[in-house]
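Written out below as structure tokens is the structure these notes cover.
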Amino acid sequence: LTHRWRELGRPLLGPLLPHLAGLDHLIIAPEGVYHQLPLHALWIGAADSAESQTTLIDHCAVSYIPALGLLERRRRREERDDAPAVVGRPLSVVLGYTNADPATDKGADERDIFLGEARAVAARLGVAPLLDQAANGAALDEAIQQPLRRLHLSCHGYFLPGDALASGVLLADGVGESAVYTARQFMERRLAVDMVTLSACQTGISGSLGGDEMAGLSMALLSAGASALLLGLWSVNAVTTAALMDRFYTLLDGPGGAEATKAETLRRVMLTLRDGQLIPPRLEFDLTDPRYFDPADPYYWAPFVLVGDWR
């Protein structure tokens, strides 16, 4: 019952199915409410066919762009922006923060997951992570003064429907409390970053400003200069997210270099998670048992979207 939304893909995207043979990558520019749906996870095969539950990512990599005008804007920016990376300074920055109470079991578990993810990603990228109160807005501002290859934030995030530009990620304030770093603040910066990853909740959702113009973290980061974004569309399970991120960076930034584009790498990792190869399923428990885990549930693998430069 909870997955009936996936049937929307049949009338919406089903006509694409005969044309997907040989296609490696598809760029989607959603409109309206479709910005909030993982279109790559919708069923596109006919309900009475052998492909009834096939999806776009079963056929090809998928990336998104908030508005088609950004593609031309990105091309023009690439033509005039050839500044080299700063020699002798780190090319990647990783921040990890949660305001969870470490005195509680739940808070301690959350800290282990969020900060553990930041440590694992930083190790993959060969840098030291900024954790707890070191992961603050001032540190982020300092980090983005230089060109970066990767900027990864392992933290909480949210979407504010009434004011999309007030949506943001929760960082430390440097003096023991928390503070939201907003989409509006990102738009005021200059981001020379190849890929920004916001491993947080609801960071990919955008709100309409009218017409095809969208507001939210994705539009803010791209407008500020980030080339590509890896975001989440809904409140994501922290355990599976940490595993997915670790595998994603292993394939993308491992010792041998990337074997595929960002979009194709994300596709492979999502399918690995969905098919139970990344984390084994635990279907022997009752659905109400917290130990029950079905990786095929799109709640776990579908919310991740690559936005912008897919290469």
Side-chain angles (χ1 to χ4, degrees), residues 2-3 6 24-25 38-43 53-64 92 94 96 98 109-126 129 150 152-155 157 195 197-204 228-285 287 289-307 310:
T2 58
H3 301 321
R6 301 182 70 187
D24 295 324
H25 176 241
L39 299 176
H40 55 273
L42 300 183
W43 292 319
Q53 295 191 0
T54 192
T55 67
L56 283 177
I57 65 165
D58 286 306
H59 290 271
C60 64
V62 177
S63 66
Y64 297 83
S92 298
V94 180
T98 172
D109 288 344
E110 182 174 303
R111 285 178 55 80
D112 286 344
I113 293 168
F114 277 62
L115 304 188
E117 176 191 314
R119 292 188 184 100
V121 169
R124 295 292 182 195
L125 298 177
R150 307 282 185 250
H152 182 100
L153 282 74
S154 178
C155 57
M195 186 174 71
T197 299
L198 298 181
S199 180
C201 307
Q202 304 179 23
T203 49
L229 318 172
L230 178 55
L231 308 172
L233 290 175
W234 56 68
S235 297
V236 187
N237 179 275
V239 175
T240 52
T241 298
L244 181 141
M245 291 295 172
D246 183 60
R247 183 62 177 164
F248 176 74
Y249 283 110
T250 299
L251 295 179
L252 193 65
D253 293 308
E259 298 181 358
T261 64
K262 299 181 187 74
E264 175 60 23
T265 300
L266 179 60
R267 171 183 177 266
R268 293 177 184 179
V269 176
M270 284 196 293
L271 291 177
T272 299
L273 175 58
R274 186 193 71 178
D275 296 342
Q277 300 172 36
L278 190 60
I279 303 176
R282 296 193 298 270
L283 307 180
E284 66 273 21
F285 300 103
L287 284 172
D289 191 313
R291 294 172 293 178
Y292 178 86
F293 172 63
D294 181 5
D297 189 326
Y299 164 71
Y300 297 107
W301 61 267
F304 305 99
V305 293
L306 187 79
V307 182
W310 54 274

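Position 1 is the first residue of the sequence; numbering continues from there.
Looking at heavy atoms from C-beta onward, P38 lies in side-chain contact with L233 at the 4.5 angstrom threshold. Between V307 and L231 the shortest side-chain heavy-atom distance falls below 4.5 Å. In this structure, T241 and M245 have side chains that are in contact, with non-hydrogen atoms separated by less than 4.5 Å. Counting heavy atoms from C-beta outward, M195 and L252 have side chains that approach closer than 4.5 Å.
Considering only residues two or more places apart in sequence or on other chains, P298 meets the side-chain contact (heavy atoms from CB on, under 4.5 Å) condition with H3, W5, R6, W301, A302. In this view, E264 and R267, R268 satisfy the salt bridge (charged side-chain N to carboxylate O under 4.0 Å, His left out) rule, not counting sequence neighbours. Applying the ring pair (Phe, Tyr, Trp, His ring centres under 6.0 Å) test to F248 and every residue at least two apart in sequence or in another chain returns nothing. For R150, the side-chain hydrogen bond (donor to acceptor under 3.5 Å, both in side chains) partners at least two apart in sequence or on another chain are D194, D253. Y64 pairs by the side-chain hydrogen bond (donor to acceptor under 3.5 Å, both in side chains) definition with H40, not counting sequence neighbours. Here T265 pairs with nothing under the side-chain hydrogen bond (donor to acceptor under 3.5 Å, both in side chains) rule; sequence neighbours left out. Evaluation of the side-chain hydrogen bond (donor to acceptor under 3.5 Å, both in side chains) rule for T272 yields no partner, not counting sequence neighbours. The ring pair (Phe, Tyr, Trp, His ring centres under 6.0 Å) test applied to W43 returns no partner, not counting sequence neighbours. N237 pairs by the side-chain contact (heavy atoms from CB on, under 4.5 Å) definition with V239, T240, Y299, Y300, not counting sequence neighbours. Remark: R274 engages D58 in a salt bridge (charged side-chain N to carboxylate O under 4.0 Å, His left out) (not counting sequence neighbours). With sequence neighbours excluded, the residues satisfying salt bridge (charged side-chain N to carboxylate O under 4.0 Å, His left out) with D246 are R124.
In terms of modelled atom types and a separation under 3.5 Å, the side chain of D275 and the main chain of Q277 share no donor-acceptor contact.
The minimum heavy-atom distance linking L273 with L278 is given by the pair CA-CB, 3.9 Å. Smallest separation of non-hydrogen atoms from T55 and A41: CG2-O, 3.6 Å. The nearest pair of heavy atoms linking A118 to V94 is O-CG1, 3.5 Å. P280 and F293 get closest at one heavy-atom pair: O-CD2, 3.4 Å. Between L56 and L39, the shortest heavy-atom contact is CD1-O, 3.9 Å. The heavy-atom pair separating S92 from L125 by the smallest distance is CB-CD1, 3.9 Å.
Between the CG atom of L244 and the CG atom of L230 there is a distance of 7.5 Å, given to the nearest 0.5 Å.
Other residues, nucleotides and ligands contribute at most 12 non-hydrogen atoms within 6.0 Å of the CD atom of E259.
Of the N and O atoms on the side chains of S63 and H25, at least one donor lies less than 3.5 Å from an acceptor on the other residue.
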**OP:** Evaluate the criterion side chain to side chain contact (heavy atoms under 4.5 Å, CB included) for residue pair T197 and Y249; output intermediate values, then yes/no.
**Re:** CA-CA 11 Å; T197 299; Y249 283 110; 2.8 Å; yes
Original post:
How far apart are the C-alpha atoms of L198 and L229, what are their side-chain angles, what is the distance that settles it, and do they pass the side chain to side chain contact (heavy atoms under 4.5 Å, CB included) test?
Top reply: CA-CA 8 Å; L198 298 181; L229 318 172; over 6 Å; no
